[in-house]
Each structure stands twice: as structure tokens, then as C-alpha cells.
**Student:** 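Following this message is one structure expressed as C-alpha cells.
The structure displayed is predicted, hence computed values, not measured ones. Just so you know, ligand 1 is whichever comes first in the structure, and atom 1 is the first atom listed for that ligand. Along the sequence shown, the residues carry numbers beginning at 1.
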Amino acid sequence: MRKAKVYVPDTVAVEAIDMLRQDFEVVYTPKENAVTPLSELLERLQDVDGLLVYPRVPIDKNLLDQAPNLRVVSNIAVGYDNFDLSEMAKQKVVGTHTPDVLTETTADLAFGLLLAAARRIPEADAFVKSGQWHANVPNLLAGTDVYGRIIGIVGMGRIGTAVARRALGFGMRVLYYNRRRRSDIENTMHVHYVHLDHLLQTSDFVVVLTPLTEETVHLIGRSQLEQMKPDAYLINVARGKVVDEQALIFALQNGWIRGAGLDVYENEPLPSNHPFLHMNQVVTLPHIGSSTVETRKAMALLAAENLRCALLDEKPPHMVNPEVWDGK
Ligand code: DGY
């Protein structure tokens, strides 16, 4: 019997490839410090049954039309806004993702970004390394206190909860806004549910952690930024499109807020002429929320397990469209 064929276009932990090779024919085309161009990826899909990808790859009609055998797409990410779920349903393609294994790592990065923006850590590092440190002048690179301040978490899911835990350790007051109130979390943690407007008007640090869905596109736009305090910071480690980037640039340029810490953008990678690259008050990271050696390995293994199960007709642990599986 023909072995199912799996395509892995980008670098993943070798253990995940080894696992898949036990049951499948694996086509693995990693590029050193680069990704496989989409055009090359699309050309290889003709007889592929399973795809293991990072969410940079749009799983849309164009891709699905070129992959007539495709049965499952396994995202190496918790977010799956790259999936066109209605097209996947039409073409009966199961989608899976990798929750839980990246929660604490992403929360570390979110809190690190908050600290970096507030205490101007990247600016200070660049200042020392560029030989500008000639005297300990008063108020050198003075930042903003974090301990004891108010954090407002927009999206109280797994990662939001993990960020809240870190914030409580810093003696912060934790406000949150979520589509539905999380009494389960309130029963165990000292966090306060508030309306989004109240959160924006009160918080010193607004941390965006909501998934990107039709309802959350530009959830933070001009009228939300206008409500924030002039010395507040916006931190985004979710998806770029949750924040209206043009509105954020305007808000920063006009002093509506003091700064931002960003790991994600409306278009990635950022173009070389992007205004953020010239703003000292914005800390810019290249979408590395879950990028530690340990966590990327755990994500790759979980993604491989999702894929392995689906191709062997066992229910995968983390499906995002179980109705497709059930309707098979
Ligand atoms: C995720 O898991 O969604 C991360 O953002 C990686 O893209």
C-alpha cells in the first residue's frame, strides 16, 4: 500500500521529522535561515496528503486547489488565522494546532516586552554598545515603573492567564477584558473583569492577547487608542491585525500613548521603510513569542503527532475544525 506523503517546507526539530518518517514518506525541504518560497511550496503539493507548516503559509483556496490529495494541515502554532476554515470545510481538510505547549514561553516574552518597553532596555543596550556612555548623567534613559502599576489584559485565555500570574508577582493590579467573563480564573487569582473602555482608560500597560478572528480585526483602533492614558504602553504579542497599525503610528506620533512593545505586525516581515523602525519608543521584535529551542521542539512534536494521528485515521488531539473530521 502507498505510504501517505507528508510535506514539511521549513525547518523543524529533527525529532518531529524522525517521528513522521516511521509511518510516512516525508518530503522535507528546509532552507538555512530562510523559508521555502510560497511558489516552490505550491508546486510540491500535487500528491501530498499532509502538510506541516508554520502559520506564515495561507491555507486558502489557491493552495487547496493545488493539493487534491490533502487531508490534514498541521499548524506549528496555537494561532490559526492562516486557515480559511470555510474553504477547508468545502475541501474536507482537517486543521490542527499546538495549544498549551507554548503558553508559558509566550507569556515570558509578553512580559519581557513590557519590561523592555517600560525600562527602555533595547535603547539602553544600543546606547552602551554604540559608545555613547560617557557619564552617569542624572535621569539617564529614565523609564517607567512597572511594579505596582495597572496592567490590562485584552483576551484572558491561556496566555493571558499566564501573563496575569507574572503581573501579580510584580505587585500589579490586574484588569482583564474577555468575550466572556472568566469566573473560573477570578476564583483562583486576584484579577478584575472590566469593560474594554474601562480597561483602556485605566491601565498603564495594555497587553493584547486575543486571537485574530473576524470580530477582533482592529479591535484596538483609533477610538480605543484615544482613550488610553498619555503615559501608557501598548503591548501586542497576539496578531498584528488585532491592532490598527496606522492608528497606532498616529497615536505614538501624537503622544496619545507613551510607547509600544510589538512582536507582531499587520504585514510580516516589516518593510525596511516602516515608521516603527525609526521610533525609539517602540520596541520591535520579529514574531518570536514562542521561539525558544525547547518550546519550538515541543510545538513541532505536537504538530507531528496531530498530523500522524489524522493520517492514520486516529482522532488528532488538537483539531480546530472537528466538524470536518466528524463528517468524514
Ligand atoms: C503562535 O503559536 O500562534 C505563534 O504566534 C507562532 O506563530
Side-chain angles (χ1 to χ4, degrees), residues 8-13 16 30-31 33-36 38 41 51-60 63 72-85 88 95-114 116 153-163 178 207-217 219-220 234-243 245 260-270 283-307 316-321:
V8 187
D10 296 329
T11 308
V12 298
K31 308 263 185 287
N33 292 322
V35 293
T36 297
L38 207 50
L41 188 154
L51 195 52
L52 189 80
V53 287
Y54 293 99
R56 71 170 183 98
V57 180
I59 309 301
D60 53 12
L63 182 142
V72 53
V73 179
S74 175
N75 238 20
I76 313 169
V78 64
Y80 52 89
D81 44 284
N82 57 318
F83 287 178
D84 179 337
L85 289 172
M88 287 169 77
T96 65
H97 70 148
T98 61
D100 302 321
V101 289
L102 48 69
T103 299
E104 298 299 333
T105 297
T106 308
D108 280 349
L109 197 278
F111 211 80
L113 193 47
L114 184 157
I153 297 175
V154 181
M156 197 64 154
R158 304 177 188 86
I159 302 173
T161 311
V163 168
N178 200 53
V207 183
V208 178
L209 282 164
T210 181
L212 178 64
T213 63
E214 271 170 24
E215 293 83 55
T216 64
V217 173
L219 179 68
I220 306 296
L234 182 78
I235 310 297
N236 187 5
V237 286
R239 284 291 184 266
K241 289 193 173 72
V242 178
V243 176
E245 210 161 272
L262 306 173
D263 186 40
V264 289
Y265 309 88
E266 291 217 36
N267 293 300
E268 297 176 6
L270 273 185
V283 179
T284 49
L285 300 183
H287 199 151
I288 55 166
S290 58
S291 187
T292 64
V293 175
E294 301 84 356
T295 293
R296 282 288 156 96
K297 179 175 164 185
M299 290 164 72
L301 284 171
L302 183 53
E305 176 64 5
N306 281 326
L307 187 58
H318 298 293
M319 278 183 289
V320 304
N321 53 357

**Student:** For Arg239, counting its heavy atoms only, list the atoms of ligand 1 lying under 4.0 Å from any of them.
**Tutor:**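 Listed by number with element: 1 (C), 3 (O), 4 (C), 5 (O), 7 (O).
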**Student:** Going by heavy atoms, is Pro55 under 4.0 Å from ligand 1?
**Tutor:** yes
**Student:** In plain terms, say whether Asp10 and Arg56 are close enough for a salt bridge, that is, a side-chain N and a carboxylate O under 4.0 Å apart.
**Tutor:** yes
**Student:** Who are the salt bridge (Lys or Arg N to Asp or Glu O under 4.0 Å) partners of Asp100, not counting sequence neighbours?
**Tutor:**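 Once residues adjacent in sequence are excluded, the partners of Asp100 under the salt bridge (Lys or Arg N to Asp or Glu O under 4.0 Å) criterion are Arg158.
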**Student:** Side chains of Ser74 and Thr96: donor-acceptor distance under 3.5 Å anywhere?
**Tutor:**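 Ser74 vs Thr96: donor-acceptor pair found between side chains.
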**Student:** If you count the atoms of ligand 1 from 1 in the order shown, which ones are under 4.0 Å from a heavy atom of Leu102?
**Tutor:** 2 (O)
**Student:** For Glu104, what residues pass the salt bridge (Lys or Arg N to Asp or Glu O under 4.0 Å) criterion, not counting sequence neighbours?
**Tutor:** Arg165, Arg166
**Student:** Is there a polar contact between ligand 1 and His287, counting only N or O atoms under 3.5 Å apart?
**Tutor:** yes
**Student:** Are any of the N/O atoms in Val78 less than 3.5 Å from those in ligand 1?
**Tutor:** yes
**Student:** Answer yes or no: is there a donor N or O on one side and an acceptor on the other, between the side chain of Asp263 and the main chain of Gly289, under 3.5 Å?
**Tutor:** yes
**Student:** Does the N or O separation between Gly79 and ligand 1 drop below 3.5 Å for any pair?
**Tutor:** yes
